[in-house]
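The block underneath contains the structure these notes are about, expressed in structure tokens.
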Amino acid sequence: VQLQASGGGMVQAGGSLRLSCAASSDSFSDYAMSWFRTAPGNRREFVGGINWNGGKTTYRDSVKGRFTISRDNAENTVYLQMNNLRPEDTAFYYCARALYRWRAQITTISGNYDSWGQGTLVTVSS
């Protein structure tokens with residue numbers, strides 16, 4: 001499967017961005033999808049994930065209440081709505097597809113994802 005991420009850009013602190021990730025596969029709806037990010041000098045970290053049918057989401061603590069992940073299985077697309085952005089949210093954001101189908105739980109471990117988008121840069125200025 002190919003994943004195409006878009007929607008990054010530069011915003012001031014407190015602003016919003018919406019990231020999109022379009023998948024090429026018709027089996028998109030069978031897999032959990034997540035967003036990860038990598039900031040300069042930092043390791044890749046889990047941001048948020050959504051299970052295969054959209055019934056369950058999970059987030060890292062620092063983005064809870066500010067970020068919302070959603071998916072449109074008819075459009076093979078997953079979204080990350082980011083509100084009240086902070087300078088520490090500055091990073092390359094990557095969408096990823098889980099390794100296994102139909103799992104109830106959302107894994108936060110990057111090694112459990114086998115397909116990755118190319119990354120989209122989000123820059124938040126203070």
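Side chains are part of it too, since the values below use all heavy atoms of this structure and drop only hydrogens, waters and symmetry mates.
Rounding to the nearest 0.5 angstrom, the gap separating the CD atom in Q2 from the OG atom in S24 is 5.0 Å. With rounding to the nearest 0.5 Å, the separation of OG1 in T57 from CE in M33 is 15.0 Å. Between S29 atom OG and W102 atom CH2 the span is 9.0 Å, to the nearest 0.5 Å. We find the CZ-OG distance between R44 and S110 to be 6.5 Å, quoted to the nearest 0.5 Å.
Nearest heavy-atom pair across I69 and Y59 is N-OH, 2.8 Å.
Other members of the cluster containing F36 are F46, F92, Y94, I106, Y113, W116, L121, with ILVMFWY side chains joined at under 4.5 Å, either directly or via other members. Its side chain within the 4.5 Å cluster rule, L99 clusters with Y100 among the Ile, Leu, Val, Met, Phe, Trp and Tyr residues.
The side chain to side chain donor-acceptor pair (under 3.5 Å) test applied to S27 returns S25, not counting sequence neighbours. In terms of the side chain to side chain donor-acceptor pair (under 3.5 Å) criterion, N42 has no residue partners (sequence neighbours excluded). Looking at residues two or more places apart in sequence or on another chain, you find a side chain to side chain donor-acceptor pair (under 3.5 Å) between T107 and N112. In this view, S70 satisfies the side chain to side chain donor-acceptor pair (under 3.5 Å) rule with no residue, not counting sequence neighbours. Considering only residues two or more places apart in sequence or on other chains, K56 meets the salt bridge (charged side-chain N to carboxylate O under 4.0 Å, His left out) condition with none of them. Evaluation of the salt bridge (charged side-chain N to carboxylate O under 4.0 Å, His left out) rule for R18 yields no partner, not counting sequence neighbours. With sequence neighbours left out, the salt bridge (charged side-chain N to carboxylate O under 4.0 Å, His left out) criterion links D72 to no other residue.
Among pairs with a residue in residues 9-34, none fulfils ring-ring contact (aromatic ring centres under 6.0 Å, His included), at least two apart in sequence or across chains. The list of disulfide bond (SG atoms under 2.5 Å apart) pairs with a residue in residues 58-126, not counting sequence neighbours, reads C21-C95.
A donor-acceptor pair under 3.5 Å links the side-chain atoms of R71 to the main chain of N51, judged by distance alone. Under a 3.5 Å cut-off, the side chain of T123 and the backbone N or O of M10 do not form any donor-acceptor pair.
Within a 6.0 Å sphere centred on CD of Q118, heavy atoms belonging to other residues, nucleotides or ligands number more than 12.
Two residues are said to be in side-chain contact when any heavy atoms from C-beta on lie closer than 4.5 Å; I50 and T58 fail this criterion. W52 has its side chain out of reach of D30: every pair of non-hydrogen atoms, C-beta onward, lies at least 4.5 Å apart.
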For residues 80-91, run the donor-acceptor check on the side chains, cut-off 3.5 Å, and write out each pair with its distance to 0.1 Å, sequence neighbours left out.
unit_1	atom_1	unit_2	atom_2	d
Q81	NE2	N83	OD1	2.9
N83	OD1	S16	OG	2.9
D89	OD1	R37	NH1	3.0
D89	OD1	R66	NH2	3.1
D89	OD2	R66	NH1	2.8
D89	OD2	R66	NH2	3.4
D89	OD2	R86	N	2.8
T90	OG1	P87	O	2.9
T90	OG1	V124	N	2.9
T90	OG1	V124	O	3.4

Exercise for the section: Could you walk me through whether Y79 and T68 pass the side chain to side chain contact (heavy atoms under 4.5 Å, CB included) test, one step at a time? Expected result: CA-CA 8 Å; Y79 303 97; T68 303; over 6 Å; no

